[in-house]
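Scroll down for the structure; my scribbles are underneath it.
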Amino acid sequence: MSFNILIVEDEPKLAGLIKDYVLQAGMIPHCIDNGLDVVPWVKQMAPDLILLDLMLPGKDGLAICQEIRRTSNVPIIMVTARVEEIDRLLGLELGADDYICKPFSPREVIARVKAVLRRNSPEQSSAARGLLLDHETYKATLNGKVLDLTALEFNLLAMLAEKPGRIFSRGQVMDGIYSDQRVVSDRTIDSHIKKLRKRISLVLPDQEIVHSVYGVGYKFEILDDQ
Ligand code: CA
């Protein structure tokens, strides 16, 4: 089955370039260059993935992403022109699946598209099933082995694992693991992640499942090729 990829991009050259690469990768590209046309098209055509530029004529990527998320879980990769923008976007909790910053190589875009499609496939959820979380007893098992976690580490893992592949900023991690309005430093979050990783490595020494996304935050992902 070929995936239908919607490319929302108002720079014709760039759109054409991505389109060619999508075709080469054996997927079917569709291009829209105006923000206003996106939501109705998505409703009618139900694409398998959307590459969504942030700055668009008519309606911006932010508004489009929010509108789509009201009715659909279609994977969305947001494309921005500035790397600083990504942190702000994460804070808005748009529900995008990944973020790419311009300029990018089309090769990188295709790799990201494939990764997002893969983790949204049923096979990835079954891979993630190796992790069992009992929220009543705070007991976590990974591939049948018990993870020795504190309640805080359990909550941290549960939060990340609930949305495999989704990137959480440190601020979001903070909100997720502390129920009070406590403010802790980024370093505290990093240190909890470090401890969590250490505990996981005792059970799963050869594989990383809690990943750092440089300058942005953290994500849970079980990669096929590890
Ligand atoms: Ca643009």
Side-chain angles (χ1 to χ4, degrees), residues 1-121 123-124 163-169 211 213-217 219 221 223-224:
M1 179 194 125
S2 281
F3 291 109
N4 282 288
I5 310 297
L6 174 60
I7 302 159
V8 184
E9 175 58 67
D10 59 317
E11 293 169 43
K13 258 192 181 168
L14 187 56
L17 195 63
I18 302 171
K19 185 181 168 184
D20 289 346
Y21 270 78
V22 166
L23 267 173
Q24 276 174 38
M27 300 179 274
I28 304 162
H30 306 267
C31 294
I32 294 181
D33 62 2
N34 187 300
L36 289 171
D37 301 335
V38 180
V39 175
W41 194 92
V42 168
K43 276 188 183 152
Q44 204 181 345
M45 303 299 287
D48 296 297
L49 184 142
I50 306 171
L51 275 165
L52 181 58
D53 189 27
L54 188 63
M55 298 293 281
L56 293 163
K59 190 183 277 185
D60 70 17
L62 271 184
I64 294 170
C65 186
Q66 282 166 331
E67 257 183 74
I68 291 173
R69 274 292 170 268
R70 268 178 232 144
T71 54
S72 162
N73 275 323
V74 56
I76 298 176
I77 301 180
M78 292 284 287
V79 180
T80 78
R82 291 189 304 141
V83 72
E84 311 88 76
E85 202 96 68
I86 294 179
D87 212 33
R88 188 176 72 88
L89 293 173
L90 277 170
L92 295 174
E93 304 198 28
L94 295 170
D97 294 79
D98 202 354
Y99 300 85
I100 300 181
C101 190
K102 290 180 188 174
F104 47 69
S105 72
R107 201 181 297 268
E108 185 198 346
V109 174
I110 297 302
R112 300 280 198 102
V113 165
K114 284 184 176 167
V116 169
L117 286 171
R118 196 164 50 224
R119 69 185 182 233
N120 278 279
S121 71
E123 293 82 44
Q124 173 61 30
K163 299 211 158 64
R166 188 155 293 174
I167 304 164
F168 290 86
S169 69
H211 306 264
V213 183
Y214 183 74
V216 182
K219 65 176 176 179
E221 194 165 23
L223 298 171
D224 306 338

For the student: nearest non-hydrogen atoms of [X] and [Y], plus distance:
X     : Y      : answer
Ala25 : Ile110 : CB-CG2, 3.9 Å
Asp33 : Pro57  : O-CG, 3.6 Å
Cys65 : Ile76  : SG-CD1, 3.9 Å
Gly35 : Ile64  : O-CD1, 3.5 Å
Pro40 : Asp37  : CD-O, 3.6 Å

Nearest 0.5 angstrom please: [X] [atom1] to [Y] [atom2], how far?
X      : Y      : atom1 : atom2 : result
Asn4   : Leu6   : CG    : CG    : 9.5 Å
Thr80  : Ile86  : OG1   : CD1   : 4.5 Å
Ile18  : Cys31  : CD1   : SG    : 8.0 Å
Arg112 : Leu117 : CZ    : CG    : 13.5 Å

Salt bridge present between Glu85 and Arg88 (N-O < 4.0 angstrom): yes
Asp98 and Lys114 ion-paired at < 4.0 Å: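 No.
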Using a 4.5 Å cut-off on heavy atoms from C-beta on, say whether the side chain of [Y] contacts that of [X].
X     : Y      : result
Leu49 : Met27  : no
Tyr99 : Val83  : no
Tyr21 : Val109 : no
Met78 : Asp53  : no
Asp97 : Arg119 : yes
Glu67 : Val42  : no
Lys59 : Val38  : no
His30 : Trp41  : yes

Within 6.0 Å of CD in Gln24, more than 12 heavy atoms from elsewhere: yes
Side chain to side chain contact (heavy atoms under 4.5 Å, CB included) against Thr71, all qualifying residues, sequence neighbours excluded: Lys43
Results of side chain to side chain contact (heavy atoms under 4.5 Å, CB included) for Leu23 - residues two or more places apart only: Pro29
